[in-house]
Amino acid sequence: MAWVSFDVFRTLGFADTLQLKPEEVFKYKAEIAEAEWVLFPEYWQLNALSYSLNARVFPSESSYRLGHNKIEMSRAFELVAPSNTPHTRILANTPENAAALWEKIDHPFVAKLPKAARGCGVWLIEEREDWKAYLKKTDVLYVQEWLPIDRDIRIVIVGDEVVTAYWRLQSAQGFYNNVSKGGSVDHSPVPQAAIDLALHLARTLGINHAGWDIAMVGDHPYVIEFNRLFGNQGVEGGAARLQDAILQYLFNSSVPTGPNYPTRPSAPRRRRLRQVA
């Protein structure tokens with residue numbers, strides 16, 4: 001068995017790939033243990049696959065660990081690129097901490113839930129009532145400075161390749177740039193500084209499959225977050241372009257098996273070995 005995938009929608013058509021449902025991890029233990037790559041497992045599978053079966057997982061383990069929690073992500077960003085990370089405060093949600101933050105942080109500011117995606121769990125805090133509503137939603141206060149922007153940049157990186165980079169323009173409701181929240185895509189050229197920052201973070205942190213959100217304040221890039229799983233609405237060529245980049249990375253990162261390796265054609269095959277019902 002060459003590869004095993006737990007996300008048929010992202011690996012549909014991959015050759016020599018056993019497509020499984022996440023709950024079938026125990027039933028197909030032998031096939032998973034023999035696989036060269038295990039693709040897109042659920043987060044809850046990661047420890048068992050990595051430590052029990054010594055599985056080689058894609059995306060990388062750090063993509064899962066850091067991508068699963070915005071707090072862990074922000075702390076990593078602050079260590080790797082402090083001047084490119086918005087000022088962030090992370091505290092337990094106590095009355096004392098909430099009162100102190102409200103008094104000390106510049107207004108408006110951004111408040112987030114540690115685990116959220118697609119623009120959900122993120123709010124612009126302008127009034128005290130906004131703050132009170134946020135305090136009821138979380139055990140951890142996770143706040144960042146507000147950046148004066150009306151757009152940001154999505155940079156999709158697979159391995160060491162920038163698959164695409166495009167602007168996300170603010171939605172009609174304001175604040176949110178996410179396409180899922182009404183933002184729109186603009187394929188005008190993006191600053192090289194934003195691409196360089198995303199590549200630096202991806203290489204340093206070992207993130208090999210992510211959509212990076214970078215904001216430009218003047219000529220200075222700031223990293224907002226990355227998403228291990230992301231939509232392909234703004235990817236020119238769509239899912240096929242993204243799949244080609246993934247296949248190229250997986251083949252390039254595979255262990256050679258003979259003098260003629262790799263044997264695959266330059267264009268990836270689209271045959272699927274089988275899918276388990």
Side-chain angles (χ1 to χ4, degrees), residues 1-70 73 115-120 154-161 163-164 178-180 202 205-213 225-235 237-254 264 268-277:
M1 180 59 58
W3 299 346
V4 169
S5 171
F6 288 101
D7 189 337
V8 64
F9 297 107
R10 294 180 185 273
T11 59
L12 186 65
F14 279 25
D16 303 323
T17 300
L18 175 63
Q19 307 282 358
L20 297 176
K21 298 175 182 177
E23 60 270 22
E24 293 177 312
V25 62
F26 302 104
K27 181 179 178 181
Y28 290 89
K29 180 176 68 175
E31 289 85 348
I32 295 168
E34 294 174 0
E36 185 175 12
W37 284 103
V38 177
L39 311 177
F40 296 103
E42 297 287 332
Y43 184 84
W44 63 264
Q45 297 174 288
L46 187 62
N47 282 344
L49 291 171
S50 298
Y51 303 127
S52 300
L53 299 181
N54 197 30
R56 193 181 190 197
V57 171
F58 177 86
S60 63
E61 185 172 341
S62 56
S63 300
Y64 280 86
R65 301 289 184 207
L66 297 178
H68 192 63
N69 188 299
K70 294 180 188 294
M73 192 185 299
K115 297 180 180 180
R118 297 182 179 179
C120 299
R154 166 59 59 86
I155 302 173
V156 175
I157 298 177
V158 175
D160 211 30
E161 177 191 356
V163 177
T164 189
N178 309 70
V179 175
S180 59
L205 299 173
I207 311 300
N208 62 2
H209 180 273
W212 295 83
D213 296 340
E225 64 182 27
F226 76 83
N227 293 276
R228 173 176 56 85
L229 301 178
F230 48 88
N232 56 32
Q233 300 97 321
V235 179
R241 172 70 184 91
L242 189 57
Q243 283 192 343
D244 286 349
I246 293 170
L247 285 167
Q248 187 69 52
Y249 172 79
L250 294 174
F251 277 109
N252 289 346
S253 302
S254 296
R264 74 181 185 97
R269 291 179 295 164
R270 292 297 177 188
R271 182 179 57 83
R272 181 176 45 180
L273 181 65
R274 65 180 172 123
Q275 179 179 348
V276 176

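Note that the structure is predicted; figures quoted are calculated from it, not measured.
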How about [X] and [Y]: do any of their side-chain heavy atoms sit closer than 4.5 Å?
X    : Y    : value
F230 : V156 : yes
N227 : D213 : yes
S62  : L205 : no
V57  : F6   : no

For the student: nearest non-hydrogen atoms of [X] and [Y], plus distance:
X    : Y    : result
N69  : K115 : ND2-CE, 3.7 Å
A245 : E161 : CB-OE1, 3.9 Å
Q243 : L12  : NE2-O, 3.2 Å
V38  : A55  : CG2-CB, 3.8 Å
A202 : I157 : CB-CD1, 4.3 Å
A210 : F226 : CB-CD1, 3.7 Å

query: Hey, would you say the F251 and W3 ring centroids sit under 6.0 Å apart?
result: yes

Answer yes or no: is there a donor N or O on one side and an acceptor on the other, between the side chain of [X] and the main chain of [Y], under 3.5 Å?
X    : Y    : result
E36  : L250 : no
E225 : M73  : no
H209 : R228 : yes
S5   : T11  : no

Hey, what do you get for [atom1] ([X]) to [atom2] ([Y]), rounding to the nearest 0.5 Å?
X   : Y   : atom1 : atom2 : answer
L46 : Y51 : CG    : OH    : 7.0 Å
E23 : Q45 : CD    : CD    : 9.0 Å
E34 : L53 : CD    : CG    : 11.0 Å
E31 : L20 : CD    : CG    : 8.0 Å
W44 : Y64 : CH2   : OH    : 11.5 Å
E61 : L66 : CD    : CG    : 10.0 Å

query: Under 3.5 Å, is there a donor-acceptor pair between the W37 and S253 side chains?
result: no

R10/L39 under side chain to side chain contact (heavy atoms under 4.5 Å, CB included): CA gap, chis, key distance, verdict: CA-CA 9 Å; R10 294 180 185 273; L39 311 177; over 6 Å; no

